[in-house]
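Before any comments, here is the structure.
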Amino acid sequence: MLAIHSMTNAHELNLRLESTLQDLPLWKIQVELDRPVNELTTLFEQEPLLPGILLNRDNYYVGMMSRQRFFEHMSRPYSFGLFSQRPIQHLYNFLDPEIFILSGDIPIVEATQMALARSPQLVYDPIVVTAQFETHGLVDFHQLLLAYSQIYALTLTQLQHVEEQSKVAKAGFRDLQHNYSRLLQNEKMAALGQLVAGIAHEINNPVNFIAGNLVHAINYSQDLLKLISLYRQHYPHPAAEIQSVSTEIELEFLTTDLPHLLNSMQIGCDRIEQIVRSLRNFSRLDEAEKKTVDIHEGIDSTLLILQSRFKNHKTSENISLVKEYGTLPLVECYPGLLNQVFMNILGNAIDALEESIANGKKTDDSAIQIRTQVIGRNWIAIHISDNGPGIPESIKKRLFDPFFTTKPVGKGTGLGLSISYQIVVEKHGGQLHCISSLGQGTEFIIKIPVTKE
């Protein structure tokens, strides 16, 4: 039995701060467990946005098969031939997937927080939502993040209104602050959600499939080339037709170039896997507690995310990067939060340089410098500086105030530096300073203890 429910973009919904999961559109495509696995393949191909399929036994819900787990398993060697014609029940028993189920009356903000707390292997799986009369539906994790973003924007708008008008009742203001604190906790994960999920869906699975089969392709090609070499050794004067085809396909060049071609493909796969690892290292989704880490790895991972922004495609003027890394010890910290600080400060530096270039105020090369050093016996410092237009004294005094921004509407929320200050000072017991003056560039200095005493 199949039942298809059309989807609606979360931005088209009229969401409120207290909106729940049942206010979101649900996928309700269902299949009986005794149907062949091929039917799952067909349904996923027909609905490219379908995050998963509900599984029934005698029209009663028993589980769910997510798109990611299905194709991740079926892309492995021999899996398609082994399971494609067999009942779905066999594949489901073999995978034994862990299902995340939430009640439809749970608020979207709370549901997002719970979904992000799942293990890294499950964090982007769809969520099974239970409604009245024991009905079930699926919420795509990306759809949940979009709804969360809309509520986030509503929360910020109301908080700004509270700050400007000061007329909201204290009880309502406390609810807004509570909502804001939960949104703030999830800000970095939500911002990276679609990026990392896209990598997992669009890059990781096909690359693993290619890399797994590439090993066999290299071995097969070596065997075939060895066989051709033996033929040529024992039959040096082949028939005219064989000789003609050999000349046509440039056999000499082909036998020499094929191993190089396959090796270059292997290098390409290795490079993509390295990029994926760097992105995961940046997001640190699986490290909510303190870890002892190499700070330089976090900075380099952040720079990888921002790499495309160092080239201005409109003016073809590049922003150069100078790294002067000192010898730092491993630091006990919250690596994901510190990476968020690096992202905020480096992003602001790039914004300032881009604005200066666009306004024609840059007369020298645009540059960002990152310098690290050990201070005293238990502290390290990270200096991030640019040779941009600098910051006036009147603005510098308010840099770390929540909601304060000099950027145009839609470009910034005024929360980046405020959040960075809280992360460095409150979460790590460190210091965050800004040194700047008009026309002299800007330098941010982050100081944190190696181990918090």
Item to check | Where Leu17 and Leu154 come nearest, the two heavy atoms and their spacing | outcome: CD2-CB, 3.9 Å
Checklist entry - Do Lys323 and Leu303 have side-chain heavy atoms sitting under 4.5 Å apart? => result yes
Item to check | Minimal non-hydrogen separation, Val139 against Pro25, with atom names | outcome: CG2-O, 4.4 Å
Item to check | Arg309 side chain vs Ile319 backbone, donor-acceptor pair below 3.5 Å | outcome: no
Next on the checklist: How long is the straight-line distance from CG of Leu262 back to OG of Ser221, given to the nearest 0.5 Å?
Outcome noted: 4.5 Å
Checklist entry - Rounded to the nearest 0.5 Å, how far apart are CD1 of Ile108 and CG of Leu145? => result 11.5 Å
Checklist entry - Considering only heavy atoms from C-beta outward, does the side chain of Thr130 approach that of Thr135 to under 4.5 Å? => result no
Next on the checklist: Tell me if a side-chain donor or acceptor on Ser103 pairs with a main-chain N or O of Ile106 at a distance below 3.5 Å.
Outcome noted: no
Checklist entry - Does the pair Met65 and Val31 meet the rule for a side-chain contact (heavy atoms from CB on, under 4.5 Å), with working shown? => result CA-CA 10 Å; Met65 180 70 68; Val31 176; over 6 Å; no
Next on the checklist: Run Leu138 and Val128 through side-chain contact (heavy atoms from CB on, under 4.5 Å) and show every step you take.
Outcome noted: CA-CA 5 Å; Leu138 291 181; Val128 177; 3.6 Å; yes
Checklist entry - Asp386: what forms a salt bridge (charged side-chain N to carboxylate O under 4.0 Å, His left out) with it, not counting sequence neighbours? => result none
Item to check | Nearest-0.5 Å distance that lies between atom CD1 in Ile384 and atom CD1 in Ile446 | outcome: 4.5 Å
Checklist entry - For the residue pair Leu214 and Met265, what are the closest heavy atoms and their distance? => result CD2-C, 3.7 Å
Checklist entry - Is the OH atom of Tyr231 crowded by more than 12 outside heavy atoms at less than 6.0 Å? => result no
Next on the checklist: I'd like to know if the side chain of Ser320 reaches the main chain of Ser366, judged simply by a donor and an acceptor atom lying under 3.5 Å from each other, with no hydrogens or angles considered.
Outcome noted: yes
Checklist entry - For Asn59, does its backbone N or O pair with a side-chain atom of Glu32 as donor and acceptor, under 3.5 Å? => result yes
Checklist entry - Do Leu227 and Asp223 touch side chain to side chain, with heavy atoms closer than 4.5 Å? => result no
Checklist entry - Does the side-chain contact (heavy atoms from CB on, under 4.5 Å) test come out yes or no for Met74 and Val37, once each step is laid out? => result CA-CA 10 Å; Met74 295 300 287; Val37 171; 4.1 Å; yes
Checklist outcome for this item: The reported gap from NZ in Lys427 to CG in Leu337 (rounded to nearest 0.5 angstrom) is 6.0 Å
Next on the checklist: Are Thr372 and Ile299 packed together at the side-chain level, in the sense that at least one heavy-atom pair is separated by less than 4.5 angstrom?
Outcome noted: yes
Next on the checklist: Using side-chain heavy atoms (C-beta onward) and a distance below 4.5 Å, is Cys333 in contact with Ile295?
Outcome noted: yes
Checklist entry - Is a side-chain N or O of Asn348 found less than 3.5 angstrom from the main chain of Ile345, in a donor-acceptor match? => result no
Checklist entry - For the residue pair Gly298 and Thr302, what are the closest heavy atoms and their distance? => result O-OG1, 2.8 Å
Item to check | Stepwise side-chain contact (heavy atoms from CB on, under 4.5 Å) check, Tyr325 with Ile382 | outcome: CA-CA 9 Å; Tyr325 288 171; Ile382 303 106; over 6 Å; no
Checklist entry - Looking only at atom types and distance, does a side-chain atom of Ser356 sit under 3.5 Å from a main-chain N or O of Leu353, one as donor and one as acceptor? => result no
Item to check | Ser264 (side chain) donor-acceptor with Leu261 (main chain) under 3.5 angstrom | outcome: yes
Checklist entry - So, for Gly104 and Val129, which heavy atoms are closest and what is the spacing to 0.1 Å? => result CA-CG1, 3.5 Å
Next on the checklist: Nearest 0.5 angstrom please: Ile127 CD1 to Gln143 CD, how far?
Outcome noted: 11.5 Å
Next on the checklist: Show the nearest heavy-atom pair for residues Phe141 and Ala115, with the distance to one decimal.
Outcome noted: CE1-CB, 3.9 Å
Next on the checklist: Strictly by salt bridge (Lys or Arg N to Asp or Glu O under 4.0 Å), give each pair with a member in residues 242-266 just once, sequence neighbours left out.
Outcome noted: Arg232-Glu252
Next on the checklist: Could you measure the distance from the OH atom of Tyr148 to the CG atom of Leu116? Nearest 0.5 Å is fine.
Outcome noted: 7.5 Å
Checklist entry - With a 4.5 Å limit on heavy-atom distance, are the side chains of Trp27 and Leu54 in contact? => result no
Checklist entry - Distance-only, no hydrogens or angles: does the Ser229 side chain make a donor-acceptor pair with backbone N or O of Leu225 under 3.5 Å? => result no
Could you list the donor-acceptor pairs under 3.5 angstrom formed by side chains in residues 88-99, with sequence neighbours left out?
residue: Gln89; atom: OE1; partner: Arg57; partner atom: NH2; Å: 2.7
residue: Gln89; atom: NE2; partner: Asn93; partner atom: OD1; Å: 2.8
residue: His90; atom: ND1; partner: Arg86; partner atom: NE; Å: 3.1
residue: His90; atom: ND1; partner: Arg86; partner atom: NH2; Å: 3.0
residue: Asn93; atom: ND2; partner: Gln89; partner atom: O; Å: 3.3

Next on the checklist: If you define the side chain from C-beta out and look only at heavy atoms, does anything of Phe444 sit under 4.5 Å from Asn344?
Outcome noted: no
Checklist entry - Does Asp125 reach the side chain of Phe100, with side-chain heavy atoms less than 4.5 Å apart? => result no
